[in-house]
Trainee: 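My questions all concern the structure below.
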Number of protein chains: 2
Amino acid sequence: MSRSGADLALLMLGGFRVLADRATAELAARGHDDVRPVHDFALQAILSGADSASELGRRMSVTKQAAAKTIAALEERRYVVREPDPDDRRRMRLQVTDHGLAMLREGEAIFDEMRRSWEEQVGADVLREVESALRALVGDRTVRLDSPGWVGHELES
Amino acid sequence: MSRSGADLALLMLGGFRVLADRATAELAARGHDDVRPVHDFALQAILSGADSASELGRRMSVTKQAAAKTIAALEERRYVVREPDPDDRRRMRLQVTDHGLAMLREGEAIFDEMRRSWEEQVGADVLREVESALRALVGDRTVRLDSPGWVGHELES
DNA sequence: GCATAGTGGACAACGTGGTTGTCCTCCACT
DNA sequence: AGTGGAGGACAACCACGTTGTCCACTATGC
């Protein structure tokens, strides 16, 4: 096979999609429907300090407008609240709600569980190698999440 | 770190994106601008027998409408031509042009070269393990390519 | 031979998650 | 006080999917 390079790329995309699709389904099963990993990741970023739209945009390497849309979605689903910043009247400070924290915890557990089960399947040392090899490939780049659509699909069972 | 599961997913996405972005840039540098890996993959599928919109849709696990749009893009860029099928007057038979073949060859070479260089970086046996571990995760699922936007960005250098 | 079911394809409307571009408010600095 | 820059909102647009509908044609069954 001479498509090995392309296949490899597809394999990575496939791996991500499998994980993301399962996580979406599992999250839905646990009561957080209509949530996709983007939301989880964004929430994570907000929690770890990206408390404004502009800042969130920077962290996720998307425009502030895109970040604002994500935030609007999160707000609508009650994962975050926005309140005017008393110190800077331009800003709307973001705050993760309890509901958001719960979702975050669920997401974390789901992803960790998937990792664990894969580890069981292929072996701990192989997984370690996979991770470090991927890290070598990806380097220090921030992983951008601007991938509309990649995750909004049903499992194909 | 307790985000290891989520990080792992992100790592895969990141790996894919690094590969895809580089391929896009490299393809552009070689005269095929405005081509993204989707096009390469679709062309590949057409070449290997998916010679109609419906069939292409089936192979790529998208609707025939989506496939038709991809085909329209490929046709516009002169990578394929559509001509009426003399035996079945409903069909428009697809044919990859020389220009398309050239792009395919370039794409292949680029992906293979990236694979080779990664192999050099992490070692051949590690790469083999990565591939088989990923294959174990992905399973027999067809990797869907319905990932709008994931690849149309500039490298961040 | 002919009605009916199914397939290929086109068109339109829509959804999602991005992008630019513009504008306004407010902060910060000279 | 005036000016530059940051935060944010709004609108238009793009890419790439999705449904839904419709038509032309093929294939099948009586």
Side-chain angles (χ1 to χ4, degrees), chain A residues 13 17 20-21 24 34-42 46 50-77 80 82-94 143-154 156, chain B residues 13 17 20-21 24 34-42 46 50-77 80 82-94 143-154 156:
Chain A
L13 177 61
R17 289 191 54 97
D21 284 352
T24 305
D34 221 31
V35 186
R36 261 144 294 171
V38 218
H39 298 133
D40 181 293
F41 297 135
I46 293 169
D51 69 337
S52 71
S54 295
E55 181 56 27
L56 182 60
R58 258 174 252 124
R59 300 256 188 133
M60 309 214 316
S61 306
V62 297
T63 55
K64 56 182 179 175
Q65 290 89 333
K69 288 190 192 179
T70 303
I71 290 169
L74 288 173
E75 190 183 14
E76 201 178 322
R77 293 165 177 72
V80 297
R82 285 160 15 112
E83 44 192 32
D85 184 327
D87 298 340
D88 184 340
R89 282 159 53 204
R90 288 170 305 179
R91 301 183 77 173
M92 289 297 272
R93 208 137 43 148
L94 298 176
V143 176
R144 304 180 58 163
L145 287 166
D146 52 349
S147 304
W150 31 256
V151 114
H153 304 282
E154 298 307 315
E156 322 171 31
Chain B
L13 178 61
R17 289 190 53 94
D21 284 353
T24 305
D34 221 31
V35 186
R36 262 142 296 165
V38 219
H39 298 132
D40 181 292
F41 295 135
I46 292 169
D51 68 337
S52 72
S54 296
E55 181 56 28
L56 181 60
R58 257 173 253 126
R59 301 256 186 132
M60 309 213 315
S61 306
V62 297
T63 56
K64 57 182 179 175
Q65 290 88 334
K69 288 191 192 177
T70 303
I71 291 169
L74 288 173
E75 189 181 16
E76 201 178 323
R77 293 165 178 72
V80 296
R82 284 162 13 113
E83 43 192 33
D85 184 326
D87 297 340
D88 184 339
R89 280 157 57 202
R90 288 169 306 179
R91 303 183 75 174
M92 290 296 273
R93 208 138 40 148
L94 298 176
V143 176
R144 302 180 56 163
L145 288 166
D146 51 351
S147 305
W150 29 257
V151 109
H153 304 282
E154 298 307 313
E156 322 171 33

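Residue numbers begin at 1 in each chain, while the letters A, B, ... track the order of the sequences. Worth saying up front: this structure is predicted, and the values here are computed from it rather than measured.
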Trainee: Rounded to the Å, how far apart are A:Glu83 CD and D:dG7 C1'?
Mentor: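 Roughly 16 Å, once rounded to whole Å.
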Trainee: Looking only at atom types and distance, does a side-chain atom of A:Arg93 sit under 3.5 Å from a main-chain N or O of A:Ser52, one as donor and one as acceptor?
Mentor: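 A pair under 3.5 Å: no.
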Trainee: Nearest whole angstrom, please: distance from the P of D:dC16 to the CE of B:Met60.
Mentor: 11 Å
Trainee: Classify A:Thr63 by what it touches in the nucleic acid, base, sugar-phosphate, or nothing, heavy-atom distance under 4.0 Å.
Mentor: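 Touches a base.
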Trainee: Would you please confirm or rule out a distance under 4.0 Å between OP1 or OP2 of D:dC16 and any side-chain N or O of B:Thr70?
Mentor: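 Result: no.
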Trainee: With a 4.0 Å limit, can you tell me whether B:Arg58 has a side-chain N or O closer than that to the phosphate oxygens OP1/OP2 of C:dG8?
Mentor: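 For C:dG8, OP1/OP2 do have a side-chain N/O of B:Arg58 under 4.0 Å.
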Trainee: Provide, to the nearest angstrom, the distance between the CG atom belonging to B:Asp88 and the P atom belonging to C:dG8.
Mentor: 8 Å
Trainee: So, is A:Arg36 close to the C:dG17 phosphate, meaning a side-chain N or O under 4.0 Å from OP1 or OP2?
Mentor: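 Yes, within the criterion.
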Trainee: Within this structure, what is the CZ-to-P distance between B:Arg93 and D:dT26, rounded to whole angstrom?
Mentor: 14 Å
Trainee: Look only at the side chain of B:Ser61 and the backbone of B:Gly57, and say whether a donor-acceptor pair between them is shorter than 3.5 Å.
Mentor: no
Trainee: Closer than 4.0 Å, any side-chain N/O of A:Arg82 to the OP1 or OP2 of D:dA9?
Mentor: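 Indeed, a polar side-chain atom of A:Arg82 lies that close.
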Trainee: OP1 or OP2 of D:dA6 versus the side-chain N and O atoms of A:Ser54: is any pair under 4.0 Å?
Mentor: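 Looking at the OP1 and OP2 atoms of D:dA6, neither is under 4.0 Å from any side-chain N or O of A:Ser54.
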